[in-house]
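Have a look at the structure below before the remarks.
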Amino acid sequence: MKKLFFIISLFIGITLYGQHSISGSLSPANEYKWLIAYRLKPGTQVYVAQSEVKEGAFKLDLPANSEPGTYRIVYAVPQDEFYFDVIYNGKEDIEVAFSQHTGVSFLTSKENILFNMYFKEINDLEQQIVDYYTQGSQNRNNLKNASLKINEVQKSYEEKTMGLMANKFITSNHVFIPQIDDSVYDYVKGKKDNYFNGMDVTNPMLQASGFLTNKLANYVFTALPLKTMTPQETEDVIMENVRSVDSKLQTVDDKYKLHLFYSLWSQAAASGKNNVSDFIYTEYLKELASSQNNEEIISNIDVHNRLRPGAIAPNLEWHKENEKKTLSELNGADNYVLVFWSSTCGHCLRELPSLHEEFASNEKVKVIAVGLEEDELNWKREIKKLNQFEHVIALGKWDSEYAALYAVNQTPTYFILDSEKRIIAKPEDNKDVIEFIANN
């Protein structure tokens, strides 16, 4: 009897979550086949469940005892672009309607309905303040009314979500309200100075969501002074913003820091802010990735930096008529086209002949065709048809040195270089190559 009492007491002390589901519809129905659900954790995510989509309808049955948190629903690839997030509190089923045009709306789930209603209302009101300044309005009542309404909405939703997970997101999202006589410059400065008010960056729930990372990234890239700046001045301010964010993360776990700084690096790299991306890598990411043995991040950054626009193309070597040739020593052309292809690739055999025809007699353009091959037999036969190209063979195909050097994962892959061998374009196909050369 004592043993039975102990077991019953033990289970009373354990939080049990029943089995729940995330279900709904996707529109247009014929666009989707599968959904995958991940639970977000600080700095990472873990697979939870998947569901087939039938005629636009789906149902994700979450495993029993699935923990509360933010769940990411992926509906297409790439996964970091095509998803929507839901809050799962372990107590309720969630039903959604998703449209390509309008995004996600929640049909059931108090958590998510209140969360979405709050952010829609508060963002609309903040936009009214922005419009007041950008449109040069002289009616201060508009500013006063929007400011009062923001306070009302904030207080109302903090009360409505008391005891809910959504409450932590809402209380971390205080909107800066300007004084009635603030100029637009005062407003912009005030927004930046008060951006972190109420934001708890140490909260694991916020770290295990897209909310916090997006808020911090928004500060880094948009908290800029209201004045004309050169690109370098803009990057200098952004780097100072990165330092400000770092100062708020002193007690935050390195796992989340790594995730955040890699997100910031990715955004800077994608927008061509090379000084910012290099700064983030040198000052933060390199050490964080090394300390956590994350070689993948270091490798990804190395590849990006090696192949980004403006970088000198990695060197290639080959022999032609017993003479050693190198990409770096080629001269006499305004542009060099690198094409990574294979003699067994159907797309390549259709695209390369048109390039050969286009550039065979153009002395201002030189094409270097790098064959990713398992052996020389087919390659030797095919290159005879493309005799005006410089030909390089990379045995080992995908495992070859040059496939790795140029991060080639499909054929054909193109790079266009300027006269100094700097990478200036990465066209999708032969038509884009021809068009780029013609227009530049």
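The basis for the numbers below is simple: all heavy atoms, side chains too, and nothing from hydrogens, waters or symmetry mates.
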Do the two ring centres, one from [X] and one from [Y], sit under 6.0 Å apart?
| X | Y | value |
| --- | --- | --- |
| Y71 | Y38 | no |
| W265 | H304 | yes |
| F115 | Y157 | no |

Q: For the pair F340 and Y406, name the ring-plane relationship: parallel under 30°, tilted 30 to 60°, perpendicular over 60°.
A: tilted
Q: Quick one: sort the W379 and H391 rings into parallel, tilted or perpendicular, breaks at 30° and 60°.
A: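 Perpendicular: the ring planes of W379 and H391 meet at over 60°.
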My understanding is that only residues two or more places apart in sequence, or in another chain, count here; which of them pass ring-ring contact (aromatic ring centres under 6.0 Å, His included) with [X]?
| X | result |
| --- | --- |
| F436 | none |
| Y83 | none |
| Y281 | none |
| F221 | none |

Keeping to residues at least two apart or across chains, list the salt bridge (Lys or Arg N to Asp or Glu O under 4.0 Å) pairs with something in [range].
| range | value |
| --- | --- |
| residues 113-122 | K120-D124 |
| residues 110-119 | none |
| residues 290-302 | D302-R306 |
| residues 232-243 | E240-R243 |

Taking only residues two or more places apart in sequence or in another chain, which ones pass side chain to side chain contact (heavy atoms under 4.5 Å, CB included) with [X]?
| X | result |
| --- | --- |
| S23 | K59, E95 |
| V46 | R39, K41 |
| L226 | V184, Y185, V188 |

Q: Mind checking side chain to side chain donor-acceptor pair (under 3.5 Å) for Q100 and listing every partner two or more places apart, or none if nothing turns up?
A: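 Residues passing side chain to side chain donor-acceptor pair (under 3.5 Å) with Q100: Y32.
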Q | salt_bridge(K286, D278) N-O dist < 4.0 Å | A |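 Judged by the 4.0 Å cut-off on N to carboxylate O distance, K286 and D278 do not form a salt bridge.
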**Q.** E152/K155 salt bridge by N-O under 4.0 Å criterion
**A.** no
Q) Is there side-chain contact between P178 and L143, with heavy atoms separated by less than 4.5 Å? A)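 P178 reaches L143 side chain to side chain.
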Q: Kindly give the heavy-atom pair with the smallest separation between V337 and I437, and that separation in Å.
A: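 The answer is CG2-CD1, 4.5 Å.
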Q. Does the ring-ring contact (aromatic ring centres under 6.0 Å, His included) test come out yes or no for F196 and Y219, once each step is laid out?
A. CA-CA 9 Å; F196 296 97; Y219 175 86; 4.8 Å; yes
